[in-house]
Undergrad: 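I am attaching a structure below and will ask some questions about it afterwards.
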Amino acid sequence: MRTRWRRLVLGATALFTAASALPAAAAPDRGREERHTSGDGLSAVIRYTEYGIPHILAGDYSDLGFGTGWAQAADEVCTLAEGFVTLRGERSRHFGAEAAAGGELSAARTNLASDLYFRGVRQSGTVEKLLAEPAPRGPSREVRDMMRGWAAGYNAWLKQREITDPGCAGAAWVRPVTELDVAARGLAIASISGEGRFVETITAARPPAGPAGASPAPATASAPSTPADPATPSPRSARTPDAEAVAKAADELWGDPGMGSNAVAFRGDTTANGRGLLLGNPHYPWQGGRRFWQSQQTIPGELNVSGGSLLGTPAIAIGFNAHVAWSHTVSTGIPANFHRLTLDPADPTAYLVDGRPERMTQRTVTVAVKDGAPVTRTQWWTRYGPVVTSLNPQVPLPWTTTTAYALHDPNAANLRFADTSLGFGKARSTDEVRASLARHQGIPWVNTLAADRAGHSLFTQAQVLPRITDELAERCSTELGRTTYPASGIAILDGSRGDCALGSDPGAVQPGILGPARMPTLRDAPYVENSNGTAWMTNADRPITGYERVFGTVGTTLALRTRGGIEDAAAMAERGGLTVRDLQRQQFANRVPAGDLAAADVARACAALPGGTATGGDGTAVDVSAACGVLEAWDRTMDTGSRGALLFDRFWRKLEQAVPQDRLWKVPFSAADPVRTPNTLNTDDPGFAAALADAVKELRAAGIALDAPLGAHQFVVRGGKRLPVPGGSGRLGVWNVLEPTWDAAGGGYTEVPFGASHLQAVGWDGGRCPVARTLLAYSQSSNPNSPHLADQTRLFSAEKWVTSRFCEKDIRSSPELRVVRVHERR
């Protein structure tokens, strides 16, 4: 089989070379010519086009993984290498135990907590066990080959190339990797919204002192550990958790995932040519290991797909092929649940199930520490998952002599994301996208939206969720869970009852998860749109209902970004005749729904203030008269040249802090009109004037004019130069999300750390090639010495796009074509 595929790829390469004989002036650098030294070694052909986008041509899945690993290392070796340090549990050894963990693969605050968790995962053999599972529960042979190939390609790049990125050049922690490392990265990404959020409390949980005769294992060994989780109470201070506080903390925990997205797909009867359209706009960190990386992957006759991969993963996660395009949006589904444990009166490290005791499993982990003695800690695991002692430092879940809480995260056993994505890459229709979701069930915490050449549209919240049905929650919730589940979708079940086990759904590939038949899905609507809101309002005319509470709510207030997205999508569908160009305009419209709803009222109320003054939150009077005209003249967008956008942005953030949601609007929410309500800003609330005064005072203190153009203060720095960037906060309802951080001491916003990332606007015409425009907002490489550090970021600043080169004729015609043949050297 390898020989057959290698002949195919070599034949394709020969054809490509013959057909692409361009004048020397058009292609000054054809890349290094590298020959195979061994017929058994892995190899690939990488064709680079504009903006450093690689088109990887390979003979089989091992070779494809090899080319992908090589090309990712070439762009992001330091980011990748640091991520593998995290996964090995070696951050404390290289960077110090108390240093910040970075947050790319978990919510751990310190390197020590991160290491204790990830070394524990490694010691448990979890990844090896999942790799050994037969498909579809475990990874397929193709994905195994891609993971092995990725590791080999990354290692070959390290061996054959010199690191130019000063972030890790010469660093001892840049080391070769294995298939196990690549798989561990995929597992960490899958569980980042479950166990990954609880790393601090998983690694800090301690049993209380038990009654006489109980002998729980010591929490430390080789050296004293760092202090326990501050949310872990002593037995004497333990108290019953406050239900409302737990519900609020849980809602905040999963309501602000640190990632987000918009996407919209249109049915063929809304478009100019009867074919589908898709616009994807995920919002991710602009630095670190959760960056997207752009490529095209081709195995002649087998696979041809283009899009974005998360760093360190071998398959394309968001993308398109000649027939179908798809994107993901972070969902409202709650990917984990809790079980309250009733403890054995004789031993707080044993719990009862139907009256029979089960001992907790101990994971004793030792972490090497830079310039210090090793630290040893014990974690406590149950049949449900790890014992946790808090939702956050302010909201404990106490481990007492009678009760403890265990976290259950089904994605901590999910290595199926790559196979699901690979199925998308091979799909020829939205039905085949659904088929991949149903077969592999590997999507951990996102929705899927898709469109195809035949004109079909699809939304589905097909994700891995614990099998929490409303009936189970009603029957088995603890007293605490009876508050948290309806309020936030967080189930807290009675772990002492065997009849409260999660069970299995028909068709579920993994015990304890919801099966494919339960997934909220909408097919072939004129449009489907999601901006991280509930599945209920995917299309205002075709609401989705009847799903379990764990997926999200029905009939509740929508966020402004969801309202704005549905308004825009519905208007576009109603207008009809849509093309890819309309998707491009939507991405950079930078409309501010909050401004459309409220700016005129704010300007009028401002002008009516006696003497043009308002009292700030600290009681001081502030002259706000100049703000009234600025807000009246503002164009209601977050374009870089918009004057008044920054003032409204700072005002709105303060207003939401000062005025509760139930007093913010005069016309309340109505489930009968969810997109247009609530409305009419309540400028009579005292918090209104205070927010306006505080915003004006803040900008003046920072030396910023009230009518300063947004781009002068919303920016990134690349190569020592400021690049203004358009977009705004999702809190304002802006589609093109950017979330800068305000630094009062520094005099304004810092560089944008988060927002729009891998953008794609995709459609089809009568030809064989998709009509696609893409943009990687932060560019392909974070290496300051790379020519692709900021090239696409400059395009993003100017609201321009990259024309995708998908078909061979388009790749061959690139004026910046560079061909690199890469292979192993034995």
Side-chain angles (χ1 to χ4, degrees), residues 262 264 279 281 283 529 531 558-572 574-575 582-608 624-656 659 664-667 675-683 688 691-692 695-696 699 704-714 724-740 749 752 755-756 796-799:
N262 306 306
V264 60
L279 173 62
N281 169 218
H283 313 140
E529 192 280 339
S531 295
L558 306 178
L560 282 173
R561 183 158 53 88
T562 293
R563 292 172 65 179
I566 291 175
E567 286 176 334
D568 292 349
M572 293 168 71
E574 178 68 21
R575 186 171 72 247
D582 291 295
L583 304 183
Q584 293 174 259
R585 280 193 285 265
Q586 167 64 18
Q587 175 59 42
F588 286 116
N590 297 321
R591 181 173 80 88
V592 183
D596 288 341
L597 282 169
D601 290 337
V602 174
R604 282 192 293 270
C606 175
V624 299
S625 57
C628 310
V630 172
L631 291 170
E632 176 64 30
W634 174 43
D635 64 4
R636 315 298 197 257
T637 76
M638 299 296 280
D639 291 330
T640 54
S642 294
R643 296 180 179 273
L646 183 61
L647 171 61
F648 187 84
D649 169 63
R650 297 309 302 163
F651 158 74
W652 192 260
R653 294 171 190 258
K654 295 180 184 302
L655 182 69
E656 287 193 317
V659 181
L664 188 59
W665 305 98
K666 292 182 179 179
V667 177
V675 178
R676 292 182 295 183
T677 60
N679 61 53
T680 312
L681 191 69
N682 180 17
T683 56
F688 161 76
L692 183 61
V696 170
L699 291 179
I704 299 173
L706 300 184
D707 65 347
L710 178 67
H713 302 281
Q714 184 170 274
V725 286
S729 173
R731 303 185 73 88
L732 300 172
V734 182
W735 176 281
N736 184 29
V737 166
L738 290 180
E739 295 288 357
Y749 278 132
V752 170
F796 184 80
S797 175
E799 300 184 1

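These numbers come from a predicted model, not from an experiment.
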Undergrad: Is the backbone N or O of G565 less than 3.5 Å from a side-chain atom of D568, with the two atoms forming a donor-acceptor pair by type?
TA: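 No; zero donor-acceptor contacts below 3.5 Å.
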
Undergrad: What distance do L560 atom CG and L732 atom CG have between them, rounded to the nearest 0.5 Å?
TA: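 It is 8.0 Å, given to the nearest 0.5 Å.
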
Undergrad: Is any side-chain heavy atom of W735 less than 4.5 Å from a side-chain heavy atom of V264?
TA: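 Counting from C-beta outward, W735 and V264 do come under 4.5 Å.
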
Undergrad: Measure the CD1-CG distance between I566 and L558 for me, rounded to the nearest 0.5 Å.
TA: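 The distance works out to 5.5 Å.
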
Undergrad: Compare every heavy atom of G728 with every heavy atom of V734, then report the nearest pair and how far apart it is.
TA: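 In this case the closest contact between V734 and G728 is CG1-N, 3.6 Å.
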
Undergrad: Which is it for D601 and T683 under the side chain to side chain donor-acceptor pair (under 3.5 Å) test, yes or no, and what are the steps along the way?
TA: CA-CA 7 Å; D601 290 337; T683 56; over 6 Å; no

Undergrad: Please determine whether side-chain contact (heavy atoms from CB on, under 4.5 Å) holds for the pair L646 and Q714, giving the CA-CA distance in whole Å, both sets of side-chain angles, and the decisive distance to 0.1 Å.
TA: CA-CA 9 Å; L646 183 61; Q714 184 170 274; over 6 Å; no

Undergrad: Going by distance alone, is a donor N or O of one side chain under 3.5 Å from an acceptor N or O of the other, for T637 and D639?
TA: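 Short answer, yes.
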
Undergrad: Can you check whether N262 reaches L279 side chain to side chain, under 4.5 Å on heavy atoms?
TA: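 No; the side chains remain at least 4.5 Å from each other.
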
Undergrad: Testing the basics here: between R636 and L631, what is the closest heavy-atom pair and its distance to 0.1 Å?
TA: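 Taking every non-hydrogen atom into account, NH1-O, 3.1 Å.
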
Undergrad: I'd like to know if the side chain of H713 and the backbone of G711 have a donor-acceptor N/O pair within less than 3.5 Å.
TA: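 Pair absent, no side-chain N/O of H713 close to backbone of G711.
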
Undergrad: A side-chain contact here means heavy atoms from C-beta on lying under 4.5 Å apart; do V602 and F688 qualify?
TA: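 V602 vs F688: side chains touch.
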
Undergrad: From R591 CZ over to M638 CE, what is the distance, rounded to the nearest 0.5 angstrom?
TA: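 With rounding to 0.5 Å, CZ (R591) is 13.5 Å from CE (M638).
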
Undergrad: Would you sort out whether E799 and R585 count as a salt bridge (charged side-chain N to carboxylate O under 4.0 Å, His left out), showing the intermediate values?
TA: CA-CA 9 Å; E799 300 184 1; R585 280 193 285 265; over 6 Å; no

Undergrad: Just how far is it from atom CH2 of W652 to atom CG of L647, taken to the nearest 0.5 Å?
TA: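 So the CH2 of W652 and the CG of L647 are separated by 13.0 Å.
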
Undergrad: What pair of heavy atoms forms the shortest contact from N736 to Q587, and how long is it?
TA: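 So the two residues come closest at OD1-NE2, 3.0 Å.
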
Undergrad: Would you indicate whether the side-chain heavy atoms of L664 and L681 approach each other to under 4.5 Å?
TA: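 A side-chain contact under 4.5 Å exists here.
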
Undergrad: So, R561 and E529, do they make that salt bridge, N to O below 4.0 Å?
TA: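 The answer is no: the pair does not qualify as a salt bridge.
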
Undergrad: Could you check whether D649 pairs with R731 (Lys NZ or Arg NE/NH1/NH2 to Asp/Glu carboxylate O, under 4.0 Å)?
TA: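 Salt bridge flag = no for R731 with D649.
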
Undergrad: If you measure from CG on N682 to CH2 on W665, what distance do you get to the nearest 0.5 Å?
TA: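 It is 10.0 Å, given to the nearest 0.5 Å.
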
Undergrad: Can you tell me how far CZ of F648 sits from CZ of R653, rounded to the nearest 0.5 angstrom?
TA: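 So the gap between those two atoms works out to 11.5 Å.
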
Undergrad: Using a distance-only test with no angle check, is there a side-chain donor-acceptor pair under 3.5 angstrom linking T562 and S531?
TA: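 Short answer, no.
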
Undergrad: Are Y749 and R650 close enough that some pair of their side-chain heavy atoms sits under 4.5 Å apart?
TA: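 Counting from C-beta outward, Y749 and R650 do come under 4.5 Å.
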
Undergrad: Do side-chain atoms of R563 reach the backbone of V675 as a donor and acceptor pair under 3.5 angstrom?
TA: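 Between the backbone of V675 and the side chain of R563 there is a qualifying donor-acceptor contact (under 3.5 Å).
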
Undergrad: So do F796 and L738 actually touch side chain to side chain, heavy atoms under 4.5 Å?
TA: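 Side chain of L738 against side chain of F796, heavy atoms only: contact under 4.5 Å found.
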
Undergrad: Quick check: closest heavy atoms across G644 and W634, and the distance to 0.1 Å?
TA: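 Result for this residue pair: C-CD1, 3.8 Å.
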
Undergrad: Quick check: closest heavy atoms across A603 and C628, and the distance to 0.1 Å?
TA: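 Minimum heavy-atom separation between A603 and C628: CB-O, 3.8 Å.
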
Undergrad: Kindly indicate whether the side chain of R643, heavy atoms from C-beta on, has any atom under 4.5 Å from the side chain of V630.
TA: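 Contact flag for R643/V630 side chains = no.
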
Undergrad: Of the non-hydrogen atoms in A627 and C606, which two are nearest, and what is the gap between them?
TA: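 That closest heavy-atom pairing would be C-SG, 4.2 Å.
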
Undergrad: Can you tell me which residue among D707, D635, N590 is in a side chain to side chain donor-acceptor pair (under 3.5 Å) with S642?
TA: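 Exactly one option meets the side chain to side chain donor-acceptor pair (under 3.5 Å) with S642, and it is D635.
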
